[in-house]
Each structure stands twice: as C-alpha cells, then as structure tokens.
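Naming: A, B, ... by sequence-line order, numbering from 1 per chain. These figures come from a predicted structure and were not determined experimentally.
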Protein chains: 2
Amino acid sequence: MARKRRPAARPEEILDAALAVFTEMGFAGARVEDIATRAGLSKGAVYVYFDSKHAILTALVRRLADRVIGAAEALVEAGAAVSAEQTLRSLLGFIAVQMSDPKISAAPRLVIAESQRFPEIGAMYRDVVLARVRRLIARILEKGIAQGAFRDVAPEVLLRLCGGPIVAHMFLTTVFADPDAPGPAPDVIAKGIADMVLNGLKVRQETAT
Amino acid sequence: MARKRRPAARPEEILDAALAVFTEMGFAGARVEDIATRAGLSKGAVYVYFDSKHAILTALVRRLADRVIGAAEALVEAGAAVSAEQTLRSLLGFIAVQMSDPKISAAPRLVIAESQRFPEIGAMYRDVVLARVRRLIARILEKGIAQGAFRDVAPEVLLRLCGGPIVAHMFLTTVFADPDAPGPAPDVIAKGIADMVLNGLKVRQETAT
DNA sequence: AATATTAATGACTCATGGGTCATTAATATC
DNA sequence: GATATTAATGACCCATGAGTCATTAATATT
C-alpha cells in the first residue's frame with residue numbers, strides 16, 4: 001500500500017473518521033478498522049495515536065463538546081450588555097440549533113450510551129461539559145434576579161428546565177425520529193421553549209416588568 | 001444440575017434477571033449467560049423463551065414502559081374532575097418520581113443506547129410509549145385551553161417542556177451523578193419544574209386566573 | 001409401569017473484532 | 001549516499017460471547 005507520513009494531522013483525521021463511523025454504527029458497532037479505513041490508514045496506525053477504542057471516544061467527545069461550549073460561553077460573555085432575558089433566549093436558540101445537528105448531538109448520545117459500561121466517560125462529561133453549562137446558567141440567572149427580571153428559582157431547576165427540552169428535542173429528532181412525521185424546525189422549537197420557560201403555561205393578565 | 005420445570009413463570013423471571021444485569025453492565029456488556037444464571041437457568045433455556053438477546057431487551061422495555069405509562073394514563077383519567085393544572089402537576093410528579101428509580105429509567109436509557117445500532121427499538125419505543133405520552137399531554141393541554149387556564153401553545157412544545165426536564169433530571173442523577181454532590185430529591189425537582197412550567201421564569205404581578 | 005412429551009442442560013461451533021508486533025517504507029540527519 | 005529514526009503496515013493472536021443441538025431429566029398420558 002501507498003504510505004504517507006503526516007503525523008501532525010493524524011489525530012484530527014482519526015477523530016473526524018471516528019465521528020462519522022460512531023454516528024453511523026454507534027460505538028459498539030463501530031470497528032477500529034472502519035475508522036482507520038475512513039481516515040485513510042491501517043488499523044495499526046490508529047493505535048500509534050490512541051491507546052484504545054475508548055480513548056478515541058473520549059477524545060472525540062472532549063473535542064466536540066469543547067467547541068460548542070466554548071462558543072456558548074463566548075455568546076454569554078458577549079451578552080453582558082443586554083438583558084438577562086435576551087441572553088437566555090440567545091443561549092437557548094444557539095444550543096438548540098447546535099444540538100439539532102446530528103454530528104454534534106452525537107457526543108452526548110455516545111456518552112449516555114457508553115457510560116453504563118464505562119462510568120468514567122460519564123464523569124468526564126459531567127466535570128468537563130456540564131460543569132460549564134451549570135456555570136453559564138447560574139450566571140444568567142443571578143443577573144436576571146439581581147435585575148428584578150427573574151423569579152428566584154434554584155439554579156438546578158433552571159438547568160433542567162432549559163437543558164431538558166433541548167435534549168428532549170434532540171432525542172425526538174434523532175433516536176425517535178419518525179420519518180413520516182417530521183418534527184418542527186429547531187428555531188421554532190427554540191423560540192417556543194424560550195417563550196414558555198420565561199412566561200409559563202398559565203394564562204395571565206400581562207403586567208410584567 | 002437440579003432441574004425444575006416451571007415454563008409459565010420463566011419469561012417473567014428472565015426479564016427480571018435481564019433488568020438487573022442490563023442495569024449493571026449495560027446491554028452490550030451483559031452476557032446472556034449472566035442473565036440465565038441470575039434467573040436460575042442455563043443459557044440454553046433462555047433461548048427456549050427468547051429468540052435472541054435483542055428480543056429480551058425489546059420485551060423488557062415493553063414491559064417496563066407499559067407499566068409506567070399505564071399508571072400515568074389511569075392518573076390522568078382519574079383527574080377528569082380536577083383542573084387541568086392539577087392534573088398536569090400530578091402527572092409531572094408521578095413521572096418524575098418513577099423516572100428517579102434506576103430500575104425504571106433503565107428502559108429509556110437502554111433504548112437510547114441501543115437504537116444507534118438497532119433503529120427498530122427506537123421506533124418501537126416511539127410508537128408504543130411516546131405516542132401514549134403525546135396523547136396524555138395533548139389531552140391535558142386541550143382541556144386547559146378550553147377552560148381558559150392555559151395559553152394556546154403547540155403540543156409538541158409542551159411535550160418537550162414537560163418531558164425534557166424530567167429526562168434531564170433522570171440523566172443527571174444516573175449517568176452524570178456526582179457522588180460528592182447529591183442532587184435535589186425528585187419531588188422537590190418535580191414541584192420546581194411544575195411551578196416553572198406553569199408560571200415561567202419572569203417576574204410578574206400575580207393576576208392569574 | 002411403559003411411553004410420549006417437552007423443559008432444561010451444557011458442551012460445542014463459529015464469527016467477530018480489539019489489540020500486538022515484527023517488518024517495511026518514508027523522512028531526517030550526518 | 002549511508003545511516004538512523006519513526007510512521008505506517010497487515011498478518012496474527014486470542015478472548016469473548018452469541019447462538020445451536022444432541023442429550024438428559026422431569027412431567028404428562030396411557
């Protein structure tokens with residue numbers, strides 16, 4: 001076989017290939033050789049760069065999550081000027097749109113699937129990703145309460161109320177997708193969720209601040 | 001080996017054993033022999049009652065989901081007399097408590113984990129379980145709107161807003177549980193979620209119906 | 001008691017795929 | 001151009017575990 005020597009580029013290429021293969025076949029269904037072939041390498045070469053199949057998964061999840069969370073943090077940072085409500089709306093919209101991309105939602109899906117067998121990966125996701133999400137939510141909430149715009153709810157509740165619907169939407173459009181009944185577009189859902197998170201379900205006389 | 005012949009009881013026993021083993025090791029990590037041993041049988045006997053490892057999983061998920069959904073339907077049925085808000089609160093509380101039991105949340109977790117490789121199981125869950133949840137939510141919503149108590153939101157949005165936080169809570173207390181920082185109790189979370197789903201996050205002058 | 005039926009066994013087959021390593025080919029160094 | 005270094009190969013090993021099936025033991029039937 002023809003050989004190329006480009007060590008610097010390899011890890012990224014392998015992770016790209018791994019994302020594609022994992023997304024198609026799931027972690028258990030993916031063969032390391034599939035990943036290697038897709039990356040234009042032999043199986044042995046993969047083991048030059050990663051210790052095990054799981055090390056590939058871990059690195060992949062880290063990379064995927066880091067990108068999205070980094071962007072989300074920048075977005076909240078940039079929202080320092082505007083109202084807490086507006087920041088929360090943009091954040092929800094951003095995450096909802098991101099998570100509607102199967103290439104990106106693959107990360108949490110893989111983590112959830114594999115953490116049964118390998119709890120470390122669940123712990124890693126919690127410490128690396130969820131901790132940062134918690135911080136974002138807490139910051140927006142504090143600001144909103146300080147401004148008198150938000151009720152004083154527990155951050156853990158708000159985390160579940162904001163993250164949950166997005167995760168639910170992600171599952172409903174990937175794992176539980178019905179080819180015959182396509183669901184609503186992500187931005188429509190994002191707006192619907194944001195409206196409800198902010199205004200609630202009950203009918204009221206509009207006398208908000 | 002000593003042998004007992006009790007064909008009628010076997011399938012249930014195998015499913016009980018399968019739940020325990022799947023919960024501990026995940027689907028891929030579980031061996032059919034583990035399940036057999038736990039059920040007090042040999043591996044061969046399992047194949048008398050189930051065609052494959054996957055058939056066991058499918059039957060198990062069906063059974064688990066059916067119980068919970070059946071109870072939820074009864075609860076909504078019983079709530080015909082009370083207000084839509086009250087029915088929604090009971091339903092959220094019931095599901096949240098149920099889903100905080102790892103033996104029960106194992107069903108959706110397994111489905112999500114395996115449907116990457118075996119899309120049929122995702123489709124089954126959608127058609128058998130989620131369809132019924134959709135119907136419950138739609139019924140409560142219609143009633144609430146008819147009574148003038150609820151805003152006229154899309155059922156798909158309400159489904160995500162009610163189901164999502166519960167699912168999120170379930171993941172946060174199973175897959176992403178932090179042994180050092182135990183989360184809030186399920187009923188506390190359920191109430192917090194219900195309050196927010198109904199009232200929203202924004203501060204308002206209380207002038208509700 | 002003899003015979004038929006079927007629940008249950010457990011040793012077996014066989015495909016699979018993760019991981020290894022001696023070898024080879026491409027680059028770097030002198 | 002010779003030598004050293006290391007990226008990459010691919011044949012190989014080996015544990016694993018799903019599923020099979022001839023056999024055996026427990027009940028049912030006569």
Side-chain angles (χ1 to χ4, degrees), chain A residues 1-61 110 113-118 120-121, chain B residues 1-61 110 113-118 120-121:
Chain A
M1 276 297 287
R3 296 181 177 188
K4 294 281 166 54
R5 283 165 55 104
R6 308 183 290 97
R10 290 306 188 204
E12 286 289 301
E13 290 173 358
I14 293 170
L15 290 185
D16 288 342
L19 171 59
V21 177
F22 286 159
T23 302
E24 263 174 42
M25 345 258 293
F27 177 80
R31 280 169 302 180
V32 173
E33 188 143 23
D34 294 336
I35 297 171
T37 305
R38 195 145 193 157
L41 282 167
S42 67
K43 184 166 68 156
V46 170
Y47 283 93
V48 172
Y49 299 98
F50 295 94
D51 287 343
S52 67
K53 195 182 174 187
H54 261 91
I56 300 174
L57 177 62
T58 304
L60 175 63
V61 168
L110 286 166
E114 288 310 306
S115 56
Q116 227 18 262
R117 275 236 275 179
F118 304 92
E120 321 85 60
I121 202 172
Chain B
M1 276 298 285
R3 297 181 176 188
K4 293 282 165 58
R5 283 165 53 108
R6 308 185 286 98
R10 290 306 188 206
E12 286 288 301
E13 290 172 359
I14 293 170
L15 291 185
D16 289 341
L19 171 58
V21 177
F22 287 158
T23 302
E24 263 173 42
M25 346 259 293
F27 177 79
R31 280 169 303 179
V32 173
E33 188 143 22
D34 295 336
I35 298 171
T37 304
R38 195 144 192 156
L41 282 168
S42 67
K43 184 165 67 156
V46 170
Y47 283 93
V48 172
Y49 299 98
F50 295 94
D51 287 344
S52 66
K53 192 182 175 186
H54 261 91
I56 300 174
L57 177 62
T58 305
L60 175 63
V61 169
L110 286 166
E114 288 310 305
S115 56
Q116 238 2 276
R117 276 238 274 180
F118 304 92
E120 322 86 59
I121 202 172

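In this structure, B/Glu114 places its CD atom 12 Å from P of D/dA18, rounding to the nearest Å. Counting to the nearest Å, the P atom of C/dC12 and the CD atom of B/Glu33 are 14 Å from each other. If you measure from atom CZ of B/Arg10 to atom P of C/dA7, you get 11 Å, rounded to the nearest angstrom. The CD1 atom of A/Ile14 sits 11 Å away from the C1' atom of D/dA7 (whole-angstrom rounding).
The B/Arg31 side chain lies nearest to D/dG17 when the options are D/dA11, D/dA8, D/dG17. When each of C/dA8, C/dG19, D/dT9 is scored by its nearest atom to the side-chain atoms of B/Val48, the top-ranked nucleotide is C/dA8. Here the nucleotide nearest the side chain of A/Ala45, chosen from C/dT20, D/dA8, C/dG17, is D/dA8. Of all nucleotides listed (D/dA8, C/dG18, C/dA11), D/dA8 comes nearest to the side chain of A/Leu41. Of the candidates C/dG17, D/dA18, D/dT9, D/dA18 carries the atom nearest the B/Val32 side chain, counting heavy atoms from C-beta on.
By the side-chain hydrogen bond (donor to acceptor under 3.5 Å, both in side chains) test, B/Glu13 pairs with B/Arg6, B/Arg10, sequence neighbours left out.
Contact annotation for B/Ala30: backbone-only contact, meaning every heavy-atom pair under 4.0 Å involves sugar-phosphate atoms and none involves a base.
Ionic pairing of A/Lys53 and A/Glu114 is not present here: no N-O contact between side-chain nitrogen and carboxylate oxygen is shorter than 4.0 angstrom.
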Item to check | Check against side chain to side chain contact (heavy atoms under 4.5 Å, CB included), A/His54 and A/Phe27 | outcome: CA-CA 9 Å; A/His54 261 91; A/Phe27 177 80; 3.3 Å; yes
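A sub-4.0 Å separation between OP1 or OP2 of C/dA8 and a side-chain N or O of B/Tyr49 is present.
The base of C/dG18 is paired with the side chain of A/Lys43 by a donor and an acceptor separated by under 3.5 Å.
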